[in-house]
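All remarks here apply to the structure that follows.
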Number of protein chains: 2
Amino acid sequence: MAVTSVRDVARRAGVSVGTVSNVMNHPDKVAAATVIRVQAAIDELGFIRNDAARQLRDGRSKTIGMVVLDVRNPFFTDVARGAEDKAAAAGLIVTLGNSDENTERESTYLDLFEQQRVHGILISPYADINDRLLALRRRGIPVVLVDRTSTDASFSSVSVDDISGGALALEHLAALGRRRVAFVGGPMEIRQVADRLEGARRAAAGHPGLTLEIIDIAASTVIEGRAAGAAIVARRPEDRPDAVFAANDLVSMGVLQALMMQGAEVRVPDDIAIIGYDDIDFASAAVVPLSSIRQPSALIGATAVQILLEEAADPSIGARQIEFQPTLVVRASTGG
Amino acid sequence: MAVTSVRDVARRAGVSVGTVSNVMNHPDKVAAATVIRVQAAIDELGFIRNDAARQLRDGRSKTIGMVVLDVRNPFFTDVARGAEDKAAAAGLIVTLGNSDENTERESTYLDLFEQQRVHGILISPYADINDRLLALRRRGIPVVLVDRTSTDASFSSVSVDDISGGALALEHLAALGRRRVAFVGGPMEIRQVADRLEGARRAAAGHPGLTLEIIDIAASTVIEGRAAGAAIVARRPEDRPDAVFAANDLVSMGVLQALMMQGAEVRVPDDIAIIGYDDIDFASAAVVPLSSIRQPSALIGATAVQILLEEAADPSIGARQIEFQPTLVVRASTGG
DNA sequence: CTTCGTCATTGAATCGTTTTAACAGTCGCA
DNA sequence: TGCGACTGTTAAAACGATTCAATGACGAAG
């Protein structure tokens, strides 16, 4: 009743358990008539394979563990979706863990995945956990960094050139004639944020007379973005920047909302142009459609899984760094 | 090296495997000195329990499977978050599957969860899968419906009274003096959508002279909402509704965006008032903060897990229907 | 000095599946 | 007729943790 095992199926079909197993896994090795008989028994009994037993047998699970910084950010769900699809094609599933930029949660998920003997791990690390990840790999679990490069190239990674992306954004604003740019984002410990700023900095150096102000916020979220936007509005008009480069689209949406709430006093893009990062779906759907730096999110996820599978198949393969180039998407918020 | 089992730990610590297991699961049954010795061996070897083996032994996994209609909708991630927290307190984890309102995906996730012998299943069903769910329960897997009631009360459920919510929204609009209300939402096969409309209908019947127009859309998303909003703007002013009741906040955001894009021609709420449903975070952060019908999302998730655990502990407990009442949240989009 | 009880520990059985070596037929061919 | 090659099937041995009945050691009580 509650439990139906291969043994029950075997008895019903009048064969051995080995044959039942073969019917499910290597039907070519079994006589056609037997396949039919066993299949019938399976259906009649409503037999469902016990995944735990299968995993135990072959040592690893059919799951890929993925840890992201923020599930609320559509960019990460898009990456996850790309990974899911690619994994599904290989008969694997992806379980998603959300570190929420919290060291402890991050570590808990790694523990969990390790106990589950996952096929591999995709992670966008928050804390400095190189040692931990090395230990994982030593135990045979391949690790691929997502949206982040390995400092010492010891892990494979799939990322986007954030420095170049930051430069792209700033060059665009400069080309529009903007001279007082504010970068809104944080915390700076997050590599992506730091790199985007760094790219903007370098590009700014090439434009004499252009100033780059930094508005550091606690998290790159809509709420924090709104607060930063409100602070900008509160300034005297002549003290306001004429352009905002936000660390991601959640922030740019927040900033936009804050500026719009003031009615017509601050116009976007006339008074202040805004450009974000990630090009999430909501960005194009905003009241003033937002310019952004696009990252090929689904492709990032799919590529990461691809590399993971290759490393899982042949652990001797060396680490590879794949870096995509971001592209500029111009919309109304920068006068597109 | 790669594989460290209890056997290795036992040898290292000079005890039997049974004792190692006891140290981990019933430390009170083991002498203090032994605990320390075994613990040391565990640390030295970097031993990690094999979850598959544990599961195999006790028949069920420590996972709760959850299937939602749309992970993109913050309402569902909020519910999931509530479920996760409650589950974590009981030492369980929640894995999230996204049916995307697709019968096949829904079914695939149920297969998967069944193979994993999950502790239980939380589901917001899309297709009519009562039989399938009954089969699951017959095999000992408790099922709790989320945000949906069981037609024949055969399953426990945690939901919100959508009919009453729909009425709440319409009464609010009527009280504001609106007489030409448009309901934007779909598809009608989704129970939540149908119920919200039904509630609005019943309430409308109590207001002679009030008309309720139905704008049926293919999915309750931002994109569809924008299209519907654009269609409204395209009408002659005298043909436009003076209020929109959207099936959820994604739709209301889309409608709002479409109306705002027309510049000052259509004013919200002066010309058209808008009210949504779910009260997701983005709703209050919209350019014109959106009125909404609030559902206690995290509480829904937590309660569902609670019931699930009770049923898992004692399968003879009968099905219970928990229904929360929604509340009206008035903001600027209805002149709050 | 024996007996009983308590406490700590052990060894073996168990969960359900997959794999592998071995076995029994059957066929073709010399 | 006999031999090798092939098919289809089986039984048993894994995988790793947990549990449970059994065992041993050691005092306390009679």
Side-chain angles (χ1 to χ4, degrees), chain A residues 1-39 41-42 45-62 91 111-112 114-119 139-141, chain B residues 1-39 41-42 45-62 91 112 114-119 139-140:
Chain A
M1 17 155 290
V3 278
T4 318
S5 75
V6 278
R7 208 179 314 285
D8 303 312
V9 175
R11 198 177 317 125
R12 174 91 162 212
V15 298
S16 76
V17 295
T19 298
V20 175
S21 175
N22 279 331
V23 167
M24 297 185 296
N25 304 302
H26 310 282
D28 50 305
K29 294 193 176 304
V30 182
T34 312
V35 170
I36 293 172
R37 199 147 38 92
V38 171
Q39 199 54 256
I42 289 177
L45 295 171
F47 167 72
I48 306 261
R49 299 223 281 277
N50 184 322
D51 208 43
R54 304 185 72 193
Q55 287 187 194
L56 175 58
R57 190 80 220 316
D58 72 47
R60 52 158 68 149
S61 115
K62 297 221 161 300
D111 288 347
L112 196 67
E114 203 168 356
Q115 292 187 13
Q116 291 180 170
R117 301 291 192 271
V118 292
H119 211 82
R139 295 208 183 92
I141 301 181
Chain B
M1 18 155 294
V3 280
T4 319
S5 74
V6 279
R7 208 178 314 286
D8 302 312
V9 174
R11 197 176 318 125
R12 175 88 161 212
V15 299
S16 76
V17 295
T19 299
V20 174
S21 175
N22 279 332
V23 167
M24 297 184 296
N25 304 301
H26 310 282
D28 49 305
K29 294 193 175 304
V30 181
T34 311
V35 171
I36 292 172
R37 201 146 37 90
V38 172
Q39 199 53 256
I42 288 177
L45 295 170
F47 167 71
I48 307 260
R49 299 221 289 270
N50 183 322
D51 208 44
R54 305 185 71 194
Q55 287 187 194
L56 175 57
R57 190 79 219 316
D58 73 48
R60 53 158 66 149
S61 115
K62 298 223 160 299
L112 196 68
E114 202 168 357
Q115 291 186 14
Q116 291 180 170
R117 301 292 193 270
V118 292
H119 211 83
R139 295 209 182 91

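Chain naming here is simple, since letters A, B, ... match the order of the sequence lines and numbering starts at 1 in each. Computed from a predicted model, the values in this text were never measured in an experiment.
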Problem - Any donor-acceptor N/O pair, B:Arg37 side chain to B:Ala13 backbone, under 3.5 Å - result: yes
Fill in the blank from the handout: To the nearest angstrom, the CZ-C1' distance between B:Arg11 and D:dG16 comes to 13 Å
Exercise for the section: May I have the distance from A:Lys29 (atom NZ) to D:dC6 (atom C1'), rounded to whole angstrom? Expected result: 12 Å
Handout entry: Rounded distance [0.5 Å steps], CZ in B:Arg60 versus CZ in B:Arg54
Key = 14.5 Å
Exercise for the section: Find the bend of the helix from C:dC1-D:dG30 to C:dA30-D:dT1 as the angle between its two terminal axes (five pairs each), to the nearest 10°. Expected result: 60°
Exercise for the section: Provide the closest heavy-atom pair for B:Val6 versus B:Phe47 in the form atom of the first, atom of the second, distance. Expected result: N-CE1, 3.6 Å
Problem - Distance, nearest 0.5 Å, that separates CG of B:Asn22 from OG of B:Ser16 - result: 8.0 Å
Problem - Considering all heavy atoms, the nearest A:Val35-A:Pro27 contact - result: CG2-O, 4.1 Å
Handout entry: Span of DNA chain C, from the first to the last nucleotide whose atoms fall under 4.0 Å of chain A heavy atoms
Key = C:dG16 to C:dT19
Problem - Spacing of B:Leu112 atom CG and A:Lys62 atom NZ [to the nearest 0.5 Å] - result: 12.0 Å
Handout entry: Protein-nucleotide distance (B:Lys62, atom NZ; D:dA17, atom P), rounded to Å
Key = 15 Å
Completion exercise
The reported gap from CD1 in B:Ile42 to OG1 in B:Thr4 (rounded to nearest 0.5 angstrom) is 11.0 Å
Handout entry: Heavy-atom side-chain proximity of B:Asn25 to B:Arg49 below 4.5 angstrom
Key = yes
Exercise for the section: With a 4.0 Å heavy-atom cut-off, tell me which residues in residues 51-60 of chain A come close to DNA chain D, sorted by residue number. Expected result: A:Leu56, A:Arg57
Problem - Any residue of residues 15-27 of chain A with a heavy atom less than 4.0 Å from an atom of DNA chain C - result: A:Gly18, A:Ser21, A:Met24, A:Asn25, A:His26
Practice task
Check side chain to side chain contact (heavy atoms under 4.5 Å, CB included) between B:Ile48 and all other residues, then give those that pass, not counting sequence neighbours.
Solution key: A:Glu114, A:Gln115, A:Arg117, A:Arg139
Problem - Atom-to-atom span, CD of A:Glu114 to P of D:dG16 - whole angstrom - result: 15 Å
Exercise for the section: Hey, could you give me each pair passing salt bridge (charged side-chain N to carboxylate O under 4.0 Å, His left out) that has a residue in residues 3-28 of chain B? Not counting sequence neighbours. Expected result: B:Asp8-B:Arg11, B:Arg12-B:Glu44
Problem - Reported NZ-to-OG1 distance for the pair B:Lys29 and B:Thr19, which is rounded to 0.5 angstrom - result: 12.5 Å
